[in-house]
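These notes concern the structure reproduced below.
Order of appearance sets the numbers: ligands from 1, and atoms from 1 within every ligand. Start at 1 with the first residue, then count along the sequence. Keep in mind that what you see is a predicted model, and the values were worked out from it rather than measured.
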Amino acid sequence: MKQTHATLSSKSEVLIEKENKYGAHNYHPLPVVLDKGEGVFVWDVDGKKYYDFLSAYSAVNQGHCHPKIVGAMVKQAQTLTLTSRAFYNDQLGVYEEYVTKYFGFDKVLPMNTGAEAVETALKLCRKWAYEVKGIPENQAEIIVCENNFHGRTTTIISFSNDEAARKSFGPFTSGFIKIPYDNTEALENVLKSNPNIAGFLVEPIQGEAGVYVPSEGYLAKAKALCEAHNVLFIADEVQTGIARTGKLLAVNHENVQADILILGKAISGGVYPVSAVLANNGIMDVIKPGQHGSTFGGNPIAAAVAMAALEVVKDEKLAENAERLGVVLRKGLNEIASRNPLISLVRGKGLLNAIVIDCDEESDLAWEICLKFRDYGLLAKPTHGNKIRLAPPLVITEAQIQDCLAIIEKALNDFK
Ligand SMILES: *Cc1c(COP(=O)(O)O)cnc(C)c1O
């Protein structure tokens with residue numbers, strides 16, 4: 001068991017113990033128990049305030065408990081919560097028009113979680129491959145990238161190469177070909193040699209892998225190759241989308257329009273599970289009544305919440321803020337790195353960033369550093385051992401970024 005460092009209050013300890021005893025041990029949380037959030041801040045049960053530099057894996061881009069989003073949820077929750085799709089409701093169509101125009105697609109298929117949206121995209125892609133492209137039944141293959149993260153269902157972990165995510169969960173779903181990320185040559189080779197490719201599923205930046213930003217031009221080139229081979233370019237923007245990287249979508253940095261766009265997390269501002277798959281009619285229309293669905297997908301609360309959350313992104317110019325303050329954050333982090341050799345690399349785009357700690361992936365050092373950040377009032381979590389993701393809510397100000405840089409440097413200096 002990893003150390004918890006500073007002594008926790010008995011109140012925190014009691015609550016952590018409850019999770020330990022009654023909850024499945026499928027996570028290893030940083031030892032801090034939160035009971036309140038507002039904007040860029042969260043508070044623990046003892047009233048201590050922290051900057052949130054994880055933003056619930058980029059679900060809380062609009063800041064914690066954004067009043068406009070919470071307001072929309074409360075209002076809808078008091079009016080109509082769930083009809084199922086057996087009937088129409090007065091929110092869904094309005095939301096569908098809003099979200100499709102917002103992102104520039106003909107149609108949306110609403111789901112709840114990111115993994116469900118990825119599953120939906122894979123099913124849609126396969127169906128398109130058989131019914132439009134003309135691949136023989138059961139022969140379709142989808143290209144994915146090494147070190148991907150797309151969620152936790154059995155099919156999705158079938159093409160993961162994270163051993164912890166896969167071990168003892170087989171047998172796995174077939175029909176996926178894995179190639180190195182950020183490598184258009186590998187993509188082209190598979191596309192050229194295999195006529196049964198239906199789609200290419202890619203994260204525009206690999207978030208869970210440690211905020212791995214591909215070379216400039218990668219996405220545009222990959223998209224062009226897909227087009228040339230009549231293969232669907234499927235962008236998983238669950239983590240990179242909704243202004244996180246300094247544009248509404250990370251593919252916008254290279255003016256790429258995905259054939260299938262997958263959104264989740266911040267599409268609700270972190271107040272409700274909402275995900276979405278967007279595509280144009282030529283693709284989306286292959287799905288007919290009864291062929292796919294979800295009891296909660298497209299429910300009135302989700303529709304009202306997502307509309308409010310997307311309005312906040314535009315009203316508060318969150319993409320512009322992420323773009324501008326991302327530059328400030330990385331500049332500050334690089335300055336710290338020049339004074340402290342513990343940071344071996346700073347990378348990221350917009351406000352999706354990571355520092356790589358100079359230690360191997362099995363070391364506990366990044367975890368220890370995150371405990372120190374916590375002690376000094378900033379919450380972040382290591383990913384893949386030696387990387388620490390730094391992704392605050394996009395409503396953060398420049399003065400707050402400077403404040404956080406001071407916390408980060410002070411904590412790192414304790415390890416010098
Ligand atoms: C978080 C994430 C998912 C899965 O979303 P869940 O809501 O946790 O199922 C899928 N893809 C990417 C890129 C993610 O970051």
Side-chain angles (χ1 to χ4, degrees), residues 24 26-29 53-61 109-125 142 144-162 164-166 169 173 176 178 181-182 199-214 219 233-245 248-251 258 260-278 294 296-299 302 305-306 309 348-354 380-384 387 389-391 394:
N26 58 327
Y27 277 90
H28 183 242
F53 260 53
L54 182 66
S55 306
Y57 301 98
S58 297
V60 194
N61 289 1
L109 198 160
M111 297 295 281
N112 312 284
T113 66
E116 283 178 328
V118 172
E119 286 276 348
T120 301
L122 296 172
K123 288 173 74 177
L124 180 60
C125 177
I142 293 174
V144 298
C145 294
E146 285 168 9
N147 301 321
N148 66 71
F149 181 85
H150 297 287
R152 300 293 197 165
T153 65
T154 309
T155 289
I156 292 171
I157 62 162
S158 296
F159 53 82
S160 163
N161 54 320
D162 175 353
R166 284 169 57 89
F169 290 127
T173 309
F176 298 96
K178 213 180 296 161
Y181 187 64
D182 193 16
F200 173 51
L201 172 65
V202 66
E203 298 160 86
I205 292 173
Q206 289 190 326
E208 295 308 301
V211 188
Y212 193 91
V213 184
L219 299 169
F233 182 94
I234 310 168
D236 180 349
E237 294 246 19
V238 171
Q239 187 162 155
T240 53
I242 327 286
R244 172 52 62 186
T245 70
L248 184 56
L249 299 173
V251 290
I260 302 180
L261 172 66
I262 306 168
L263 295 173
K265 295 195 170 121
I267 196 170
S268 75
V271 311
Y272 200 79
V274 181
S275 65
V277 176
L278 291 128
S294 160
F296 279 84
N299 73 76
V305 161
K349 217 172 191 134
L351 282 172
L352 182 59
N353 296 285
K381 185 116 197 274
T383 178
H384 283 260
K387 299 157 196 97
R389 181 169 20 204
L390 299 171
L394 310 183

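Proximity of a side-chain donor or acceptor of Arg389 to a complementary backbone N or O of Gly210 within less than 3.5 Å is not detected. Of the possible polar contacts, none joining the Gln206 side chain to the Pro214 backbone as a donor-acceptor pair under 3.5 Å is found.
One finds the CG atom of Leu124 at 10.5 Å from the CG atom of Leu278 (value rounded to the nearest 0.5 Å). The line from CD of Glu237 to OG of Ser58 is 11.5 Å long, rounded to the nearest 0.5 Å.
Between Tyr212 and Tyr181, the ring-plane angle classifies as perpendicular under the 30° and 60° cut-offs.
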Which pairs of N or O atoms, one from ligand 1 and one from the protein, are separated by less than 3.5 Å, and what is the distance for each pair?
from     : atom 1 : to     : atom 2 : distance (Å)
ligand 1 : 7 (O)  : Gly114 : N      : 2.8
ligand 1 : 9 (O)  : Gly114 : N      : 3.4
ligand 1 : 9 (O)  : Ala115 : N      : 2.8
ligand 1 : 11 (N) : Asp236 : OD1    : 3.4
ligand 1 : 11 (N) : Asp236 : OD2    : 2.7
ligand 1 : 15 (O) : Gln239 : NE2    : 2.8
ligand 1 : 15 (O) : Lys265 : NZ     : 2.7

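Residues satisfying the side chain to side chain contact (heavy atoms under 4.5 Å, CB included) criterion with Ala266, sequence neighbours excluded, are Asn61, Gln62, Ile242.
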